[in-house]
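My questions will all concern the structure given below.
Everything numeric here is computed off the predicted structure, so don't read it as measured data.
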Amino acid sequence: MAGARLKAPRGTFDVLPEDGRRRERLRRLFEELLDAAGYEPFETPVFEQTEVFARGVGETTDIVQKEMFTFEDQGGRSLTLRPEGTAPICRAYVEHGMHKLPQPVKLRYFGPFFRHEAPQAGRYRQFSQLGVEALGSDDPSLDAEAIVLLDELLRAAGARGLRLRLSSLGTPETRREYSDELRAYLRRHESELSAEVRARLDANPLRAFDSDDPGTRAVMAEAPRLLERLADEDAQHFAEVRALLDDAGVAYEVDSGLVRGLDYYTRTVFEFTSDALGAQSGVAGGGRYNGLVRLLGGPDTPGVGWAAGIERILLAAQPEAPQPPAPVFVARDEGASGRDAFRVLRTLRAEGLPAQLEQAGRSLKGQLKHADRIGARAVVIVADGGLRVRDMRSGEQREAADAAEAARLVIESTTR
RNA sequence: GUGGGCGUAGCUCAGCUGGUAGAGCUCCUGGUUGUGGUCCAGGCGGUCGCGGGUUCGAGUCCCGUCGCUCACCCCA
């Protein structure tokens, strides 16, 4: 371990090349898929005024209460490393007057997020998410489209053991009324509930639906359901979303107990999980947030979106790492001019060939061995007297008069 | 924050009841009077997480501490 005193901070990790290739491929897949659906690239800073999250995500949420990396800048302003992407995008939507653009505004993003939690399998303090937001329309087809695209993405990425849970939270008002009703119901059955559920009864009674305690489950089986309390318009909206998903052939389970950890959700909420993960089974989640833009000081604007964790997608997919393109290796024989070798390198690249140059002072034999290890298709040996092009598959070797001819020979011998 | 597991070369690991550190892989060199993939040989590379204790002697036992990891909570 040779004095490796300095380490990546707890809950963070370095992306080594093999994993980097996997991540880049996933990102490209995401971008192609969402581009085709009209979602445009969008970036917000990795930190924001703390207020954006405190107000946007909700003061009572776990994220705001205990998971934010918050610090002060030199002017004493409170800033926070973004723990999620939706509130910042809504902030930007307001800031840039994007409600004046043709609606809906469809955006996609990709980048790092930060949550100060105890790390474990699939959970990090810095993690990456890709996500989309569609602002400015309450049309159920946007909810359905978002889910269909997410479903497509996860499948194309190869995520295994997927399950989609779907529900509707109605409006904040019905949610509040329902919450009171559920709380009252739970109080009547308090003695039958597990200690943890009792402890969270005031803060988040909906969590009781997730409990695996037998007593609690028995109580919850009879508990009132939020879906049964939805106002007509909300129930109608949900029915339309479901019909569109049915038409699209996306399988889902309606789960009245589905709770998302952020305050801003209204109407549709959903979550993809994978049983190929550890305890952190959530791969992606999202929903509609019709009040958020207004909450952040903008006009009343509906929105819907989702975010997917790229580490978790990769964990659920376990894909092979893509191979980099097979390069041409430029070897230097003893006495060969470094300038000649460099010129050959540039010429090969100019001809569109991925090329690498010997830069470690190896013996010719070592260079060939190295070329083989990196999967070179051909080696151009730069010698005192001229150039030799060696096809690494056949072992055939031919003379070349100059770099351009060497490039031609490489293309000839390896693109058949 | 709490609980379980683990911390020996860059990586994967071995090291029995304490006796003074090993293997495989990787990398470099050589076997090849300039030329790779197999094979052989050699070389580079170790504060045995850290601190303390017991002992003639500790990687091996005891205590503490730090870190990693899985899980609870919550979530991407």
*For the pair made of NZ in A/Lys66 and C1' in B/rU2, what is the distance, rounded to whole Å?*
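After rounding, the gap between these two atoms is 12 Å.
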*Please check the phosphate of B/rC68 (OP1 and OP2 only) for any side-chain N or O of A/Arg10 closer than 4.0 Å.*
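Yes, within the criterion.
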*OP1 or OP2 of B/rC27 sitting under 4.0 Å from any side-chain N/O of A/Arg373?*
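Checking B/rC27 against A/Arg373, a side-chain N or O does come within under 4.0 Å of OP1 or OP2.
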_So if I take every side-chain heavy atom of A/Asp372 and compare against B/rC74, B/rG36, B/rG34, which nucleotide ends up nearest?_
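Comparing B/rC74, B/rG36, B/rG34 against the side chain of A/Asp372, the answer is B/rG36.
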*Think A/Lys369 has a side-chain N or O under 4.0 angstrom from the OP1 or OP2 of B/rG37?*
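A/Lys369 to B/rG37 OP1/OP2: side-chain N or O found under 4.0 Å.
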*Which base sits across from B/rC50 as a Watson-Crick or G-U pair, both distances under 3.5 Å?*
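B/rC50 is paired with B/rG64.
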*What distance, rounded to whole Å, do you find between the two C1' atoms, one in B/rG5 and one in B/rA9?*
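After rounding to an integer number of Å, I get 24 Å for this pair.
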*Could you check which of B/rG36, B/rA76, B/rC68 has an atom nearest any side-chain atom of A/Met392?*
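Comparing B/rG36, B/rA76, B/rC68 against the side chain of A/Met392, the answer is B/rG36.
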_A/Ser168 and A/His237, any side-chain heavy atoms less than 4.5 Å apart_ =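 When only atoms from C-beta onward are counted, A/Ser168 and A/His237 do not touch, as no gap falls below 4.5 Å.
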*Looking only at side-chain N and O atoms, does A/Ser363 come under 4.0 Å of OP1 or OP2 in B/rG30?*
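Indeed, a polar side-chain atom of A/Ser363 lies that close.
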_Between A/Tyr124 and A/Phe13, ring centroids under 6.0 Å_ =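 Judged by ring-centre distance (under 6.0 Å), A/Tyr124 and A/Phe13 do meet the cut-off.
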*Checking all strands, does A/Val379 fall into the base, sugar-phosphate, or nothing category for heavy-atom contacts under 4.0 angstrom?*
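No contact.
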*Between B/rG34, B/rG67, B/rU32, which one does the side chain of A/Leu364 approach most closely?*
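Closest of the options to the side chain of A/Leu364: B/rG34.
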_Please verify the inter-ring angle class for A/His116 with A/Phe69; under 30° counts as parallel, over 60° as perpendicular, anything in between as tilted._
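Tilted, since the angle between the ring planes falls between 30° and 60°.
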_Need one value for A/Phe113: base, sugar-phosphate or nothing, where a base atom within 4.0 Å counts as base even if backbone is also close, heavy atoms only._
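Nothing, no nucleic acid heavy atom in range.
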_With a 4.0 Å cutoff (strictly under), does any side-chain N or O of A/Gln120 reach OP1 or OP2 of B/rC70?_
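For B/rC70, OP1/OP2 do not have a side-chain N/O of A/Gln120 under 4.0 Å.
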_Using a 5.5 Å cut-off between ring centres and planes within 30 degrees, is A/Phe127 stacked on the base of B/rA76?_
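Yes, A/Phe127 stacks on the base of B/rA76.
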*Kindly say if A/Arg388 contacts the phosphate of B/rU35, meaning a side-chain N or O under 4.0 Å from OP1 or OP2.*
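No, A/Arg388 has no side-chain N/O under 4.0 Å of OP1/OP2 on B/rU35.
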*Would you call A/Pro45 and A/Arg91 a side-chain contact if the rule is heavy atoms closer than 4.5 Å?*
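They are in side-chain contact.
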*If you check the A/Lys7 side chain, which of B/rU35, B/rC68, B/rA76 turns out closest?*
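Selected nucleotide (nearest to the side chain): B/rC68.
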_By the 4.0 Å heavy-atom rule, please label A/Gln397 as base, sugar-phosphate, or nothing._
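The residue A/Gln397 makes base contact.
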*Among the nucleotides B/rG37, B/rC73, B/rA76, which one has an atom lying closest to any side-chain atom of A/Glu117?*
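The nucleotide sitting nearest to the side chain is B/rA76.
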_Heavy-atom pair with the smallest gap, counting every atom of A/Val382 and A/Ala341_ =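 Closest approach of A/Val382 to A/Ala341, heavy atoms only: CG2-CA, 3.9 Å.
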_Identity of whatever pairs with B/rG3 - Watson-Crick or G-U, under 3.5 angstrom_ =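 B/rC70 is the nucleotide pairing with B/rG3.
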*Using the closest heavy atom to pick a nucleotide of RNA chain B for each, name whichever of A/Val283 or A/His370 lands nearer the 5' end.*
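Mapping each residue to its closest nucleotide by heavy atoms, the 5'-most match is A/His370.
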_Options B/rA76, B/rC68, B/rC72, nucleotide nearest the side-chain atoms of A/Ala118_ =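 Of B/rA76, B/rC68, B/rC72, B/rC72 is nearest to the side chain of A/Ala118.
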*Measure from the side-chain heavy atoms of A/Arg362 and tell me the nearest of B/rG36, B/rA76, B/rC28.*
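Out of B/rG36, B/rA76, B/rC28, the nucleotide with an atom closest to A/Arg362's side chain is B/rC28.
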*Does B/rA21 have a Watson-Crick or wobble mate here (both distances under 3.5 Å), and if so which one?*
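The base-pairing partner of B/rA21, which may sit in any strand shown, does not exist here.
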*Give A/Asp62 one of three labels, base, sugar-phosphate or nothing, depending on what nucleic acid heavy atoms sit under 4.0 Å from its own.*
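A/Asp62: backbone/sugar contact only, no base atoms under 4.0 Å.
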*What integer distance in Å separates A/Lys365:NZ from B/rG30:P?*
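For the pair A/Lys365 NZ and B/rG30 P, the rounded distance is 8 Å.
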*So, do A/Arg165 and A/Val269 sit near enough that their side-chain heavy atoms are less than 4.5 Å apart?*
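Side-chain contact under 4.5 Å: no.
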_Pairing partner (Watson-Crick or G-U wobble, both distances under 3.5 angstrom) of B/rA14_ =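 Pairing partner, where one exists within any strand: none, as none qualifies.
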*What are the two closest heavy atoms between A/Tyr185 and A/Glu222, and how far apart are they?*
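Here A/Tyr185 and A/Glu222 meet closest at OH-CB, 3.3 Å.
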*When you get a sec, tell me which of B/rC74, B/rU35, B/rA71 is the closest nucleotide to the side chain of A/Arg123?*
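Shortest atom-to-atom distance from the side chain points to B/rC74.
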*Do the side-chain N or O atoms of A/Gln280 get closer than 4.0 angstrom to the phosphate oxygens (OP1, OP2) of B/rA76?*
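So the side-chain polar atoms of A/Gln280 never come under 4.0 Å of the phosphate oxygens OP1 or OP2 of B/rA76.
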*Identify whether the glycosidic angle of B/rG34 places it syn (within 90° of 0) or anti.*
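B/rG34: syn glycosidic orientation.
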